[in-house]
Colleague: 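Here it is, the structure in full.
Here the structure is a predicted model, which means the values were calculated and not measured. Both counts, for ligands and for their atoms, begin at 1 and track the order of listing. Both backbone and side-chain heavy atoms feed into the values below; hydrogens, waters and symmetry mates do not.
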Amino acid sequence: MKNENVITFNRPDDWHLHVRNDDVLAAVIGDTSRDFGRAIIMPNLPTPITTRSMATAYRDEILNQLPDKSKFSPLMTCYLTDTTDPDDLREGLKSGAYTAAKLYPAGATTNSNNGVTNISYLDDVFDVLSELGCPLLVHGEVVDDNVDVFDRENVFIQKILIPLRARHKKLKIVFEHITTKQAVEYIENENPSCLAATITPHHLSINRNAMFQGGIRPHMYCLPIAKREEHRRTLLRAACSGDEHFFLGTDSAPHTKETKESSCGCAGIYNSPCAISTYLQIFEQADALGQFNDFASKNGPLFYNLPINTELVTYKKENKPLVFPNVVIDADSVEVFSPPFNLYWKKATS
Ligand code: NCD
Ligand code: ZN
């Protein structure tokens with residue numbers, strides 16, 4: 001008989017993650033390495049990871065902070081700038097120092113000031129990625145004060161993504177942390193083999209009202225910003241469909257309380273401790289646990305051309321809601337994402 005309170009699936013990977021460095025890295029990395037086999041590590045440190053030697057040093061720093069016996073593997077990315085050296089990128093990708101390259105439109109989000117001001121500067125870089133079959137990861141928002149913050153993803157599709165894909169037909173692209181119906185529908189309608197998207201637990205759980213529930217809620221603020229309920233519902237449908245174009249990427253982005261609860265609070269939601277429990281709760285509610293393994297563990301490696309983790313993990317439903325304590329860093333802390341529903345799915349295997 002089917003036990004509806006237990007689920008077993010291949011160890012998942014996180015295809016979009018921020019772990020920072022120094023004391024924040026030390027405080028947060030265990031929350032990812034416990035639950036995930038691999039993670040695509042975002043390169044937007046205050047001094048961004050722009051060369052393969054920086055990527056290698058950053059990878060070593062992460063490995064040094066892992067708990068004993070951890071088998072977690074960080075997959076590094078190159079932060080693209082207007083002056084990225086295509087040869088350094090090629091060598092980095094070939095040697096495994098990098099798994100992918102990340103495009104931040106300059107000024108789009110946290111630590112993106114060194115990002116790309118005009119993607120036409122990067123045609124040589126896109127040629128290298130196409131030649132090696134390595135993905136370009138895009139923060140898909142235009143940076144334009146004249147474009148409403150809620151429309152920036154849709155305008156990005158029209159103004160940047162469509163022309164880019166027309167110019168570089170073989171370029172593999174991951175449209176990161178999508179938040180709109182337009183993004184889902186663009187991918188579904190095109191049905192391409194070289195375009196996929198990650199979806200976060202928070203964009204599946206909240207709509208934009210969550211930022212204004214009884215007051216301003218800085219811990220619900222991230223970029224791309226949460227949209228209307230109809231968008232959340234479309235993201236949910238895409239994630240729960242099993243469609244190979246959509247896979248797990250938490251965009252877990254730790255910022256201390258001091259920097260979030262401020263007159264100009266940082267964008268980013270920290271969800272690593274509760275990410276799998278949140279996704280499972282959402283899939284259960286959508287009666288889609290049968291598609292969970294595709295979304296969390298299979299579609300990502302298929303797109304990246306990497307093996308699926310063979311290890312199996314089991315989650316069980318507890319009777320009482322789970323509690324995820326905030327992460328303490330010296331005198332400050334990082335608040336863990338709290339979805340507007342209780343979480344019950346707890347890992348049963350080590
Ligand atoms: C991320 C961060 O804090 O680095 N913030 C966020 O709101 N998601 C950057 C990003 O992925 O946009
Ligand atoms: Zn991110």
Side-chain angles (χ1 to χ4, degrees), residues 13-22 24-25 27-29 31-32 36 39-50 58 62 74-80 99-116 135-143 149-150 152-153 156 160 173-180 183 197-206 208 210-211 217-227 235 247-262 264-272 275 300 327 329 332 334-337:
D13 303 299
D14 185 347
W15 299 99
H16 181 126
L17 175 69
H18 303 264
V19 289
R20 320 298 188 201
N21 55 358
D22 296 335
V24 179
L25 169 66
V28 303
I29 191 65
D31 287 335
T32 288
F36 296 93
I40 284 282
I41 306 293
M42 288 295 130
N44 64 330
L45 297 185
T47 304
I49 304 299
T50 52
Y58 186 27
I62 296 170
L75 306 176
M76 309 312 291
T77 56
C78 174
Y79 182 114
L80 298 178
T99 298
K102 174 78 192 216
L103 171 70
Y104 289 104
T109 187
T110 306
N111 294 336
S112 65
N113 290 343
N114 296 297
V116 174
L136 174 72
L137 316 181
V138 297
H139 182 106
E141 290 190 289
V142 289
V143 184
V149 68
F150 294 97
R152 288 182 187 173
E153 183 170 291
F156 180 88
I160 311 281
I173 299 175
V174 183
F175 195 170
E176 302 277 70
H177 42 49
I178 57 168
T179 59
T180 57
T198 54
I199 306 182
T200 75
H202 41 283
H203 290 112
L204 291 172
S205 325
I206 60 167
R208 62 189 192 172
M211 286 180 290
R217 300 277 179 175
H219 296 285
M220 295 295 181
Y221 173 58
C222 67
L223 288 170
I225 200 159
K227 308 295 191 299
L235 295 171
F247 47 83
L248 187 160
T250 64
D251 194 18
S252 182
H255 291 276
T256 59
K257 273 183 123 163
E258 197 186 338
T259 57
K260 290 220 38 105
E261 298 173 8
S262 141
C264 184
C266 295
I269 291 178
Y270 182 61
N271 60 32
S272 293
V327 175
I329 299 170
D332 210 338
V334 175
E335 189 156 316
V336 176
F337 175 59

Colleague: Can you report which non-hydrogen protein atom sits closest to atom 5 (N) of ligand 1, along with the distance?
Modeller: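 So the nearest neighbour among protein heavy atoms is Ala267 O, 3.1 Å.
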Colleague: Has His16 got an N/O/S atom less than 2.8 Å from the Zn ion (ligand 2)?
Modeller: yes
Colleague: Hey, is the Zn ion (ligand 2) within less than 2.8 Å of some N/O/S atom on His139?
Modeller: no
Colleague: Run the numbers on Thr179 and Lys227 for side chain to side chain donor-acceptor pair (under 3.5 Å), then give the verdict.
Modeller: CA-CA 7 Å; Thr179 59; Lys227 308 295 191 299; 2.8 Å; yes
Colleague: I'd like to check Glu176 versus Glu141 (side-chain heavy atoms, cut-off strictly below 4.5 Å). Are they in contact?
Modeller: no
Colleague: Take Tyr79 and Asn111 through the side chain to side chain donor-acceptor pair (under 3.5 Å) test and state the conclusion after the steps.
Modeller: CA-CA 11 Å; Tyr79 182 114; Asn111 294 336; over 6 Å; no
Colleague: Hey, is Arg20 touching ligand 1 through its side chain, its backbone, both or neither, going by heavy atoms under 4.0 Å?
Modeller: side chain
Colleague: N/O/S atom of Glu176 under 2.8 Å from the Zn ion (ligand 2), yes or no?
Modeller: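 No, since none of the N, O or S atoms of Glu176 sits under 2.8 Å from the Zn ion (ligand 2).
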Colleague: Check ligand 1 against Leu223 and write out every atom of the ligand that is under 4.0 Å from a heavy-atom position of the residue.
Modeller: 6 (C), 7 (O), 8 (N), 12 (O)
Colleague: Looking at Thr109, which atoms of ligand 1 are within less than 4.0 Å of one of its heavy atoms?
Modeller: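 Atoms satisfying the 4.0 Å criterion: 5 (N), 9 (C), 10 (C), 12 (O).
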Colleague: Note the single closest protein heavy atom to atom 1 (C) of ligand 1, along with its residue, its atom name and the distance in Å.
Modeller: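 The protein heavy atom lying closest is His18 NE2, 3.6 Å.
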Colleague: Just wondering, do Thr250 and Pro201 contact through their side chains at under 4.5 Å, heavy atoms?
Modeller: yes
Colleague: Closer than 4.0 Å to some heavy atom of His16 - which atoms of ligand 1 meet that?
Modeller: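 Contacts of ligand 1 toward His16, numbered from 1: 11 (O).
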Colleague: Return the residue, atom name and 0.1 Å-rounded distance of the protein heavy atom closest to atom 8 (N) of ligand 1.
Modeller: Asp251 OD2, 2.7 Å
Colleague: How about Met42 and Leu137: do any of their side-chain heavy atoms sit closer than 4.5 Å?
Modeller: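 A side-chain contact under 4.5 Å exists here.
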Colleague: With a cut-off of 4.0 Å, which atoms of ligand 1 are near a heavy atom of His139?
Modeller: 12 (O)
Colleague: Using a 4.0 Å cut-off to any heavy atom of Cys222, which atoms of ligand 1 qualify?
Modeller: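 Within the 4.0 Å cut-off of Cys222, ligand 1 contributes 7 (O).
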Colleague: What atoms of ligand 1 come closer than 4.0 angstrom to any heavy atom of His255?
Modeller: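 With His255 as reference, the close atoms of ligand 1 come out as 2 (C), 3 (O).
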Colleague: Can you tell me which portion of Asn111 lies within the under-4.0 Å heavy-atom range of ligand 1? Options are side chain, backbone, both, or neither.
Modeller: neither
Colleague: Below 4.5 Å, heavy atoms only, C-beta onward: do His18 and Thr110 meet side chain to side chain?
Modeller: no
Colleague: Does Tyr104 reach ligand 1 with a nitrogen or oxygen that is under 3.5 Å from one of the ligand's nitrogen or oxygen atoms?
Modeller: no
Colleague: Would you say ligand 1 has an N or O under 3.5 Å from any N or O of Ala253?
Modeller: no
Colleague: Give, rounded to 10 degrees, the angle between OD1 (Asp251) and NE2 (His18) as seen from the Zn ion (ligand 2).
Modeller: 90°
Colleague: Is there a donor in the side chain of Thr259 and an acceptor in the side chain of Thr256, or the other way round, less than 3.5 Å apart?
Modeller: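 Per modelled atom types, Thr259 and Thr256 side chains form a pair under 3.5 Å.
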Colleague: Regarding ligand 1, does Gly268 bring an N or O atom to under 3.5 Å of one of the ligand's N or O atoms?
Modeller: yes
Colleague: In terms of side-chain heavy atoms, does His219 have a donor or acceptor partner in Glu261 at a distance below 3.5 Å?
Modeller: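 Yes, a side-chain donor-acceptor pair sits under 3.5 Å.
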Colleague: With a 4.5 Å heavy-atom cut-off, do Ile178 and Ile199 have their side chains touching?
Modeller: yes
Colleague: Are any non-hydrogen side-chain atoms of Trp15 and Val174 less than 4.5 angstrom apart?
Modeller: no
Colleague: Side-chain contact, heavy-atom cut-off 4.5 Å: Ile206 with Met220?
Modeller: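 Side-chain contact under 4.5 Å: yes.
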